[in-house]
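Residues take their numbers from the sequence shown, with the count starting at 1.
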Amino acid sequence: MPELIEIDDYKAPELDVFTRLDEPQLRHYYEPDGGLFLAESLRVIELALDAGYRPAAMLLEDKTAKSQAADVLARVGDIPVYTASKEVMNQIPGFNITRGALCAMHRPPDRTAQEVLRGASRVAVLENVMNPTNVGAIIRSAAALGIDAVLLTPGCSDPLYRRALRVSMGTSLLIPWAYLGSRSEDWPAGGMALLHERGFKTAAMALTDRSTGIDDPAIKACSRLAIVLGTEGDGLAPETIAACDFTAKIPMSHGVDSLNVAAASAVAFWEMAARQRL
């Protein structure tokens, strides 16, 4: 059981990693080695530990440390565990969302797209989805609705960013994901070539004259399928749509032309993946 270290000043440097470092600083915290990410709430911390992520330090409200946190504390090893009163913790942005517990975790080595595609039959591809809330919501739907892996283009928000991980309810720690290269020129040409090389057909979610419904039997019959979703507002780039094998849309009513990308992903995943596995 780690020793608890009481902090009585929000400005204490020990709290920097939890309160004052931004996402890029956390990601490069140990550069050139791996960085850190923050897991919020005991539930998400438990998921991270179950998935093999290594804790670096914790911050707990003193009431949480003395009650609900016993099981987690027994698993984190000899790391610094800071405790603070609710008055101190209330100064942390989003404190209520943390539910009294924050854990700085070591980032694992980045997976490659080749690794996460191994054994997958249904994958989601996110093109330049920059809003971390949307990334987290899409990953949560992917984990729940039969998607085996998630691929992201270099312009996407990081699934381990604090808000993305929070919105995903920890599922960013569970479903395999990887970036399709690190440069904008790696997509769509290189990424599409990899998907086709691995036997995947690709379905662009877009409104065009050639779009079919997401219940198109030809799409659902694909043994391996990549569902490609674009950023909020602009949608998929024309060259991405042109490179895909299919273009699909969700039927709408009342003059609505589209859904938020996170909502659209859930509908598409249910029709193209989850229903196929019932």
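Of all heavy-atom pairs between E127 and G235, the closest is OE1-O, 4.0 Å. Contact record, H196 with A243: CE1-O, 3.9 Å, taken as the closest heavy-atom pair. What you find for P2 and V76 is that their closest heavy atoms are CG-CG2, 3.8 Å. Across all their heavy atoms, A39 and V44 have their closest contact at CB-CG1, 4.0 Å. Between R122 and M272, the shortest heavy-atom distance links the atoms NE-O, 2.8 Å. The nearest pair of heavy atoms linking L47 to L174 is CD2-CD1, 4.3 Å.
The side-chain heavy atoms of L259 and M252, taken from C-beta on, include a pair separated by under 4.5 Å. With contacts defined as side-chain heavy-atom distances shorter than 4.5 Å, the pair V72/E46 qualifies. Contact check for I79 versus V81: side-chain heavy atoms found under the 4.5 Å cut-off. The closest side-chain heavy-atom distance from I138 to F269 is below 4.5 Å. Between V88 and D9 there is no side-chain heavy-atom pair separated by less than 4.5 Å. Looking at heavy atoms from C-beta onward, L173 lies out of side-chain contact with M105 at the 4.5 angstrom threshold. Within the 4.5 Å cutoff, side-chain heavy atoms of M192 are placed close to those of C244. Residues L102 and T19 fail the side-chain proximity criterion, which asks for heavy atoms closer than 4.5 Å.
Cluster membership for L194 and V150, using ILVMFWY side-chain heavy atoms within less than 4.5 angstrom, is not shared. F18 and I7 end up in the same hydrophobic cluster when Ile, Leu, Val, Met, Phe, Trp and Tyr side chains are linked at under 4.5 Å. Taken together through direct or relayed side-chain contacts under 4.5 Å among Ile, Leu, Val, Met, Phe, Trp and Tyr, W177 and V123 form parts of separate hydrophobic clusters. L126 and L151 fall into different hydrophobic clusters, where Ile, Leu, Val, Met, Phe, Trp and Tyr are joined by side-chain heavy atoms under 4.5 Å apart, directly or via other members. Both V261 and I175 are part of a single hydrophobic cluster, where members link through side-chain heavy atoms under 4.5 Å apart.
In this structure, CG in L60 is found 6.0 Å from CG in L73, a value given to the nearest 0.5 Å. In this structure, the separation between CD1 on I5 and OG1 on T83 is 8.5 Å, given to the nearest 0.5 Å. The structure places NZ of K63 at 11.0 Å from CE of M89, a figure rounded to the nearest 0.5 Å. Distance CD1/I219 to OG1/T202: 10.0 Å, rounded to 0.5 Å. Rounding to the nearest 0.5 angstrom, the gap separating the CG atom in L49 from the SG atom in C103 is 6.5 Å. Expressed to the nearest 0.5 Å, how far CE of M169 lies from CD1 of I139 amounts to 14.5 Å.
S168 contributes a side-chain N or O that, together with a main-chain N or O of S172, makes up a donor-acceptor pair within less than 3.5 Å. With hydrogens and angles disregarded, a donor-acceptor distance shorter than 3.5 Å links the side chain of E23 to the backbone of R162. Within the 3.5 Å criterion, the main-chain N or O of P154 finds no donor-acceptor partner in the side chain of W187. Side-chain N or O atoms of T240 include none that pairs as donor or acceptor with a backbone N or O of L236 at under 3.5 Å. Remark: the backbone N or O of R183 is paired with a side-chain donor or acceptor of D186 at under 3.5 angstrom. Side-chain atoms of T247 never come within 3.5 Å of backbone atoms of A206 as a donor-acceptor pair (strictly under, hydrogens ignored).
A side-chain donor-acceptor contact under 3.5 Å links S121 and D148.
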Quiz item: When you look at L15 and R20, which way does the side-chain contact (heavy atoms from CB on, under 4.5 Å) test go after all the steps?
Solution: CA-CA 8 Å; L15 301 190; R20 286 176 282 278; 3.9 Å; yes
Quiz item: Where do S85 and D62 land on the side chain to side chain donor-acceptor pair (under 3.5 Å) test, with the steps shown first?
Solution: CA-CA 6 Å; S85 67; D62 50 14; 5.4 Å; no
Practice problem: Any chance you could lay out the side-chain contact (heavy atoms from CB on, under 4.5 Å) test for I250 and M205, step after step, and finish with the verdict? | Solution: CA-CA 8 Å; I250 300 169; M205 295 297 299; 3.9 Å; yes
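The number of heavy-atom neighbours closer than 6.0 Å to CD of E3, taken from other residues, nucleotides and ligands shown, is 12 or below. Heavy-atom neighbours of R43 CZ from other residues, nucleotides or ligands within 6.0 Å: at or below the threshold of 12. Counting heavy atoms of neighbouring residues, nucleotides and ligands inside a 6.0 Å radius, atom CZ of R75 exceeds 12 of them. No more than 12 heavy atoms of other residues, nucleotides or ligands sit less than 6.0 Å from atom CG of D78. Surrounding CD of E6 are at most 12 heavy atoms belonging to other residues, nucleotides or ligands under 6.0 Å away.
For residues 104-121, the set of pairs meeting the salt bridge (Lys or Arg N to Asp or Glu O under 4.0 Å) definition, not counting sequence neighbours, comprises R27-D110, R107-D158.
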Enumerate, atom names and distances included, each donor-acceptor pair closer than 3.5 Å involving a side-chain atom of residues 222-231, sequence neighbours excluded.
from, atom 1, to, atom 2, distance (Å)
R224, NH1, R198, O, 2.6
T231, OG1, N128, O, 3.0

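Shown are F37, Y30, Y29, Y53; of these, the ring pair (Phe, Tyr, Trp, His ring centres under 6.0 Å) with H106 is made only by Y30. With L152 as the fixed residue, the side-chain contact (heavy atoms from CB on, under 4.5 Å) test singles out one of V135, L180, V129: V135.
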